[in-house]
Amino acid sequence: MLIKVFRCIRSLRLFSSLRPDDPTKTLDLSSFTPDKIRNFGIVAHVDHGKSTLADRLLELAGVIRKGEKEKLLMDALQVEKERGITVKAQTAVLPYKGHLLNLIDTPGHADFTEEVSRSLAVCDGILFLVAANQGVQAQSIANFWLAFERNVTIIPVINKIDIQGVNVHEVETQMKNLFDFNSEEILRISGKSGLNVDGILDKVIEKIPPPTVVQSTQLKALIYDSHFHHFRGAIALILVKEGEIRRGSKIRSFHGDKEYEVQEVGIMRLEMIPVSSLNAGQVGYLICNMKTAAEARVGETLFDLSTPKDTITPFEGFRKVQPTLFAGLFPLESSEYEILKQAVERLALNDSSVVIQPDSSRALGLGWKVGFLGVLHMEVFASRLEQEYDSTVILTQPSVEFRATVKDNETIRKKRYGGEREIRILDASKFPNEGDIEKFMEPMVKVRIVIPSEMLGQVHSIYNESRADVSSIDENRLLLLWRLPLAEVITDFFERLKRVTSGMASFDYEADGYDEANLIKMTISINGKEIPEFSQVVRASTATEKAKRMVRRLREEIPRQQFEVTIKATVGESKKNLASTVIQPMKRDFTQLLKGNFGKGGMERLNKKLGHQKKGKERMKQIGNVQIPKEAFFNVLKN
Ligand SMILES: Nc1nc2c(ncn2[C@@H]2O[C@H](COP(=O)(O)OP(=O)(O)OP(=O)(O)O)[C@@H](O)[C@H]2O)c(=O)[nH]1
């Protein structure tokens, strides 16, 4: 006990005696040679307790005091707190028993696999957390294989053992059946109560190997993450593989081919702490005069300016991010375009998984077509724009990337498709003339679902066109592997799955090539005018069902106007009707009614009402002569 208190005080002193804002003093980490360093992460399915355990480990290492969590929260971003999920991987240094343990926090949601994978690139080992009350879930399996493929040391941990009635033995069985762990190597802890947590950092030191480095006087460092700070510009998180980097170092980027002078290097202790240098094996942050977002590209190799470039072998780039869905992003008011542009560019630096290109729409003006990893990723991006940059945005209905092979006819190909044989269709407005096309194709995904055994029937009923491969992971749970069209998965499937299993299913997916499909364009028009933002590319077999739902939702979203509004869904540009509805006009003009009948008091109420209306109108988009609330552009796709 005494030793532990002493250790805490020593670590606290190491960090607190030198404040980050004291420019004359910086921490000296040179005594932490690679054998004294461990770079590790915690990976788990969403909600299995990563952040809670990370906080406990920070307390254990004396980085934060017990109860200080509220102030120094690991999940620093507002949007993370609100949604209760960790989005941005963050790094924290734990000084422990003469070692420097770099904890790399990772997100747990299926959409953010890319960040898990990036974090794993700098980890030599992970704590693989499974919550005792839920057992192995879909994302646990995906994360396990990501780590396994990277050949990092995996320490299995069952968390939340404090919960009454949990069956730890059952979870052990799952971990044995699925991942071949034996029960002796599995740690059993409660991140919340702290039970058995104090042995974890010792296990990290004992089991996870130190980083492999090359002894050299020349710098070679890898950017594994980056973000944009409002005041300080681009901040890169780096792993130094060779040599050292310090304030004043002159460095060069391999891919960007730019020269920089280092302004500051440091370590993350939730906030940034400057250090005199970062040496081989160490993880930390770097600030240099990187002016644009793109310069701090994840996967970039940095080296000494004095080293000839042709002697440098760059680090293997990270797997190129492939967005799975695309949506239009527009400012609510066209006049806000420039401000939003800056915010989008800055946020894109914080999130290297988004892909952005300029776009424009007749109804919504100038904007962007943005590629996201999934629906949650898209929602998080939009809420961060609103919360961190105070920008209100319109996101249009997302679409996947369909493809089509143009008929083997040189004239058609040259005239209409720039000579291309295969074309990409990112939204309905780019849907080609069907007569020009030999075949359409749609992206498929491999879906992994874990469910209680008795729910198999309900789950199969969600999608009739194919069946899942089923295997059991213990007596009560099944693992389903299913090949499905991505478009189904991102719109309907997961919501239905949650509904039929009352939230008991967990779910994860990965890209699995393209299949031929019979696709059509579902055209949506309002009072005879096509609204491209609502039109969609859909499978012919599901078109009527989708059209009915879209028309019904638009009817719910569009308020009554002074005149009749007809909403129609048709096949392509033809008149072939899929579904339609009419919104009746408002019955009476209440303003006249109030003026006529209520005299003075009526005017007050009238002005109040008009004030509300004005506010309401600011959130409306005028399409033709119809007012559509901006939320409609996003709400129509919700279940
Ligand atoms: N009973 C109990 N609850 C826990 C334990 N660890 C975490 N929790 C609770 O589980 C919930 C999720 O914990 P987090 O630490 O936020 O989980 P996470 O894995 O970081 O979640 P994401 O960041 O969304 O991936 C919170 O309500 C925690 O208080 C534990 O050991 N026992």
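Just so you know, residue 1 is the first one in the sequence shown, and it goes up from there. Counting starts at 1 for both ligands and their atoms, in listed order. Every value quoted in this text rests on a predicted model; they were computed, and no experiment measured them.
- Relative ring orientation between F148 and F144 is described as parallel, the plane-to-plane angle staying below 30° on a 0-90° scale split at 30° and 60°.
- More than 12 heavy atoms of other residues, nucleotides or ligands lie within 6.0 Å of CG in N182, so this atom counts as buried by the packing criterion.
- A salt bridge links D512 to R483: at least one charged side-chain nitrogen sits closer than 4.0 Å to a carboxylate oxygen.
- Not a single donor-acceptor pair under 3.5 Å links the side chain of Q137 to the backbone N or O of H45.
- Within the 4.0 Å heavy-atom criterion, both parts of V46, backbone and side chain, lie near ligand 1.
- If you look at F179 and F128, their ring centroids are closer than 6.0 Å.
- Taking any N or O of G49, backbone or side chain, at least one lies under 3.5 Å from an N or O belonging to ligand 1.
- When D47, I42, T52, I161 are ranked by how near their heavy atoms come to atom 14 (P) of ligand 1, first place goes to T52.
- Residue-level proximity to ligand 1 for K192 is carried by backbone and side chain together, each with a heavy atom below 4.0 angstrom.
- Near S190, meaning under 4.0 Å from one of its heavy atoms, ligand 1 places the atoms 30 (C), 31 (O), 32 (N).
- Every atom of ligand 1 with a heavy atom of H48 under 4.0 Å away is listed here by number and element: 19 (O).
- Residue N159 holds the heavy atom nearest to atom 6 (N) of ligand 1 of all those in L129, N159, V166.
- Contacts between I163 and ligand 1, counted as non-hydrogen atom pairs separated by less than 4.0 Å, involve the side chain only.
- Remark: M504 CE is loosely packed, at most 12 non-hydrogen atoms of other residues, nucleotides or ligands lying under 6.0 Å away.
- In terms of N/O distances under 3.5 Å, ligand 1 is not approached by S193.
- Here R56 does not pair with D198 in a salt bridge; the nearest charged N to carboxylate O distance is not below 4.0 Å.
- Atoms of ligand 1 found under 4.0 Å from any heavy atom of D162, numbered from 1 in the order shown, are 1 (N), 2 (C), 30 (C), 31 (O), 32 (N).
- Heavy-atom proximity to S51, at under 4.0 Å, picks out these atoms of ligand 1: 15 (O), 18 (P), 20 (O), 23 (O).
- In the model, Q134 has a side-chain atom that pairs as donor or acceptor with a side-chain atom of H48 under 3.5 Å.
- When the options R56, K160, H45, Q164 are ranked by their closest heavy atom to atom 9 (C) of ligand 1, first place goes to K160.
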